[in-house]
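Every chain is numbered from 1, with letters handed out A, B, ... down the list of sequences.
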2 protein chains.
Amino acid sequence: MSSDTLNSEALSQKLAHSGLRNTPQREVVYKALLTRRDHPTADEVYARVRTDLSTISLATVYNCLETLVQCDLVRAVNFERGPTRYCPNLAPHAHFHDEETGSTFDIDLPPDLLGKIKDVLPPGYDADAVDIIFRGKTTATR
Amino acid sequence: MSSDTLNSEALSQKLAHSGLRNTPQREVVYKALLTRRDHPTADEVYARVRTDLSTISLATVYNCLETLVQCDLVRAVNFERGPTRYCPNLAPHAHFHDEETGSTFDIDLPPDLLGKIKDVLPPGYDADAVDIIFRGKTTATR
DNA sequence: AATAAGTTTAGAATAGTTCTAAATCTTACT
DNA sequence: AGTAAGATTTAGAACTATTCTAAACTTATT
């Protein structure tokens with residue numbers, strides 16, 4: 001089983017760790033991200049979870065996504081002015097945003113590179129996160 | 001004279017290169033970015049240029065900023081869901097966003113590092129830009 | 001001077017997100 | 001089991017940043 005396969009227990013644990021409860025809404029939202037890892041927007045997640053839980057509201061989808069981000073289960077990614085997209089990949093990675101198709105790809109980062117990048121920070125700058133976003137196009141040979 | 005000091009001729013040239021005209025509005029907007037390089041939002045630019053050109057409209061400020069970005073005179077930067085900020089620094093650099101104060105700092109990148117970062121892209125990914133954003137806090141010793 | 005093209009403007013419209021307050025669910029305690 | 005306290009969800013209103021629209025204005029060209 002991959003380390004981030006859905007697992008209610010594990011999700012409940014992570015939530016409990018922040019003093020939060022697990023709920024059906026949080027489960028379906030998290031599951032939606034894990035089963036199609038295409039960096040959906042809140043609207044897209046809403047559309048997907050409605051098939052499982054037809055009474056869920058868009059506000060709840062926003063709430064759940066925010067909760068998952070707070071619990072370090074999900075990353076929020078922003079491309080320029082576009083809507084926030086959500087990503088359950090917790091391994092260090094960059095994002096490639098294809099400006100022609102709008103699709104997003106995870107780009108794995110070699111373990112040493114993040115350190116090298118953080119080394120450019122002068123003393124007194126204390127970064128707890130680095131976002132790296134490539135913008136461009138992808139070609140057929142991909 | 002630093003390479004990006006305001007210079008109407010140079011601005012006109014760059015604009016003309018894209019088939020665009022220089023205008024008083026474009027000049028004051030560009031000047032506003034150059035004279036206080038604190039990554040202002042469109043609203044903040046609007047507030048600043050109104051002292052020079054009281055009749056300018058917010059829509060025009062947005063138009064001018066977009067024009068300057070298109071002509072490669074200015075970079076647009078986005079932090080999470082916040083409003084777009086504008087930066088006249090054309091040298092390769094990352095941004096550090098202090099989440100406590102909201103201020104933004106340019107972080108110079110050593111010449112080789114951008115290349116190293118682009119090297120992580122698998123074949124078929126063709127990036128024309130890389131945005132690197134640090135999030136965290138700055139301490140007194142900065 | 002007339003026409004065309006580029007630009008600015010005010011205000012309306014839009015998209016994405018957050019807020020609000022009431023309803024519902026869960027948990028802990030009696 | 002019954003109830004109070006707290007957490008969560010919900011629908012819809014509100015909000016913010018931005019873009020659109022169409023008219024007015026400016027500048028360049030015939």
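- What separates CG of B/Leu53 from P of D/dT26 is a distance of 12 Å, to the nearest Å.
- When each of C/dT17, D/dT10, D/dA17 is scored by its nearest atom to the side-chain atoms of A/Arg81, the top-ranked nucleotide is D/dA17.
- Residue A/Tyr62 has no polar side-chain atom (N or O) positioned under 4.0 Å from OP1 or OP2 of C/dT18.
- With A/Glu66 contributing its side chain and A/Asn63 its backbone, the two residues share no donor-acceptor pair below 3.5 Å.
- Atom CD of A/Gln13 has 12 or fewer neighbouring heavy atoms from other residues, nucleotides or ligands inside a 6.0 Å radius.
- The side chain of B/Ile56 has C/dT9 as its nearest neighbour among C/dT17, C/dT8, C/dT9.
- Applying the 4.0 Å criterion to OP1 and OP2 of D/dG12, one finds that A/Ser57 has every side-chain N and O outside that range.
- In this structure, the CG atom of B/Asp43 is 13 Å from the P atom of D/dT19, given to the nearest Å.
- Atom CZ of B/Arg85 and atom P of D/dT18 are 10 Å apart (whole Å).
- Whole-Å rounding puts the B/Tyr86 OH to D/dA17 P distance at 12 Å.
- Taking the side chain of A/Cys64 as heavy atoms from C-beta on, and the options C/dG16, C/dT8, D/dT9, the nearest nucleotide is D/dT9.
- Per the geometry, CZ belonging to A/Arg50 stands 11 Å off P belonging to D/dT10, to the nearest Å.
- A ring-centre distance under 6.0 Å is found for A/Phe105 and B/Tyr125.
- Put simply, the side chain of A/Arg48 never gets that close to the backbone of A/Leu33: no donor and acceptor are under 3.5 Å apart.
- At C/dG6, none of the side-chain N or O atoms of B/Arg21 fall inside 4.0 Å of OP1 or OP2 (strictly under the cut-off).
- For the side chain to side chain donor-acceptor pair (under 3.5 Å) with B/His95, the qualifying choice from B/Asp106, B/Asp131, B/Asn78, B/Thr104 is B/Asp106, the only one to do so.
- Distance A/Asn63 CG to C/dT18 C1': 9 Å, rounded to the nearest Å.
- The side chain of B/Ala59 sits closest to C/dG11 out of D/dA17, C/dC19, C/dG11.
- Put simply, CG on A/Leu65 is 13 Å from C1' on C/dG16, counting in whole angstrom units.
- Computed from coordinates, the A/Glu80 CD to D/dA17 P distance equals 18 Å when rounded to whole Å.
- Looking at heavy-atom distances under 4.0 Å, B/Thr41 makes no contact with the nucleic acid at all.
- The side chain of B/Gln25 contributes no N or O atom lying less than 4.0 Å from OP1 or OP2 of D/dT26.
- A sub-4.0 Å separation between OP1 or OP2 of D/dT18 and a side-chain N or O of B/Thr84 is present.
- Dashed line: the shortest gap from a side-chain N or O of B/Thr60 to OP1 or OP2 of C/dT9 is under 4.0 Å.
- Nearest-nucleotide mapping onto DNA chain C: of B/Tyr46 and B/Leu20, the residue sitting toward the 5' end is B/Leu20.
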